[in-house]
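Every value quoted in this text rests on a predicted model; they were computed, and no experiment measured them. Convention: sequence-line order gives letters A, B, ...; per-chain numbering from 1.
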Protein chains: 2
Amino acid sequence: MKPDPIASDFLEALTKVSRKIRTAFNQQVTAHGLTYPRARALFRLAKKQNMTQSELACDLELEQATMVRLLDRMEENGLIERRPDTNDRRVKLIVLTPYGEEQAAMVRSIADRIREQIFQDIDPDELHVAVALLERISANVTDLEDVDVPA
Amino acid sequence: MKPDPIASDFLEALTKVSRKIRTAFNQQVTAHGLTYPRARALFRLAKKQNMTQSELACDLELEQATMVRLLDRMEENGLIERRPDTNDRRVKLIVLTPYGEEQAAMVRSIADRIREQIFQDIDPDELHVAVALLERISANVTDLEDVDVPA
DNA sequence: ATGATATAGTTGGCATGCTAACTAAGTCGT
DNA sequence: ACGACTTAGTTAGCATGCCAACTATATCAT
């Protein structure tokens, strides 16, 4: 029952490349006065505004409590605004300020440039195959969680 | 000059599965009184003891400063010991306590079980191909960093 | 209607993670 | 030998990230 070494190798490679990409991205955006989590949030908001904090947290796979403080700082930095929802007084809708839009565009251009360089010599077909594999593994991980915390 | 959508999809899938695996792992080890970073350090130390803090930090891709406090807490928890190096008085060598060895074995069994379930229906050949791809991408990210911070 | 329950957001407390600035100790050039 | 540089570890300060407990509001059952 020894562990299959290729599975370990895969996990190691996955963890490593994921961490490296995040670090590279972070270096680029910090050079422009942002952080990786804020850049992620900006990117998401550039596609869809007027989301609630919960929706945004769910999209970015963060806890609500984490979202609150991230938005606190983004609000202090003048990137976003919290607007009340007239239908539900508990809700706050998040919108980008003009400065936030500007920064979101900057983030997008950085992301485009990094993607171009990272994947320059990679066959798109290989990426398709890899995405399918990653999604199958992702589903297996989800099942794993269900076993431990059944509804 | 529009971004290739498959590259975005790949990055998204990679980020997502990586985060999910880490979260799943974390849930398992916290149920046994550990945390993910401590489990990682234990796992590494189970393979090679008497490493310096710097070596361990490098292996785990953490900063020295991060390593210091992680080891502080692992020492408080009785998992590890810091021993002076007789050849170099700046250095501290890290060894597992008997309790640390025990916990490391527990981590290993959790890791084996999770790997088995995550990869149960995945063809090892596919994993080999994927590892090669991940390593090529990893190398591209390294090159990217070199461009920005040339020696 | 009204009481139980659920949901949105907040706060407190803790563990990582980073960079920058610091101390102690080793190394190297002259 | 001694001053410049490097290296190992630490500390301070900040930004994420989590969970648990809390407030305010909405919804649902009866």
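Atoms CD (B:Glu63) and C1' (D:dC14) sit 15 Å apart, rounded to a whole Å. Counting to the nearest Å, the P atom of C:dT16 and the CZ atom of B:Phe25 are 15 Å from each other. Rounded to whole angstrom, the span from the CE atom of B:Met74 across to the P atom of C:dC14 amounts to 20 Å. In this structure, A:Met67 places its CE atom 14 Å from C1' of D:dA15, rounding to the nearest Å. Taking atom CG of residue A:Asn26 and atom P of nucleotide D:dT16, one finds them 9 Å apart after rounding to whole Å. Whole-Å rounding puts the B:Glu61 CD to C:dC18 C1' distance at 15 Å. In this structure, the CG atom of A:Leu70 is 19 Å from the P atom of C:dA8, given to the nearest Å. The nearest whole Å value for the distance from the CZ atom in B:Arg22 to the P atom in C:dT16 is 12 Å.
Comparing D:dC18, C:dG17, C:dA25 by their nearest atom to the side chain of B:Arg89 picks out C:dA25.
Under the side chain to side chain contact (heavy atoms under 4.5 Å, CB included) test applied with B:Leu79, the options B:Leu96, B:Leu34, B:Leu71 reduce to a single match, B:Leu34.
The heavy-atom pair separating B:Val29 from B:Tyr36 by the smallest distance is CG2-N, 3.9 Å.
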Practice item. Could you go through the side chain to side chain contact (heavy atoms under 4.5 Å, CB included) check for A:Glu55 and A:Asn50 one step at a time? Key: CA-CA 10 Å; A:Glu55 283 169 357; A:Asn50 284 299; over 6 Å; no
Review point. Could you walk me through whether A:Asp72 and A:Arg69 pass the salt bridge (charged side-chain N to carboxylate O under 4.0 Å, His left out) check?
Key: CA-CA 5 Å; A:Asp72 283 350; A:Arg69 294 207 250 249; over 6 Å; no
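Summary of the strand contacts: A:Asn87 and A:Leu62 both lie near DNA chain D, and taking for each the nucleotide with the nearest heavy atom, the more 5' one is attributed to A:Leu62.
Proximity of a side-chain donor or acceptor of A:Ser18 to a complementary backbone N or O of A:Thr15 within less than 3.5 Å is not detected. Side chain of A:Ser138 to main chain of A:Leu134: no donor-acceptor pair is present (N/O by atom type, distance under 3.5 Å, no hydrogens or angles).
Counting only N and O atoms by type, the side chains of B:Gln28 and B:Arg113 include a donor and acceptor under 3.5 Å apart. A donor-acceptor contact closer than 3.5 angstrom is absent between the side chains of A:Glu81 and A:Thr97.
B:Arg69 has no side-chain polar atom (N or O) that falls below the 4.0 Å cut-off from OP1 or OP2 of C:dA15.
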Practice item. Do nucleotides 5-10 of chain D as a string where each nucleotide becomes B, S or -: B if the base has a protein heavy atom under 4.0 Å, S if just the sugar-phosphate does, - if no protein is that close. Key: --BSBB
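By the criterion of side-chain heavy atoms lying less than 4.5 angstrom apart, applied directly or through intervening Ile, Leu, Val, Met, Phe, Trp or Tyr residues, A:Val95 is not grouped with A:Leu42; the two fall into different hydrophobic clusters.
Residues of residues 30-42 of chain B having a heavy atom closer than 4.0 Å to DNA chain D: none are found.
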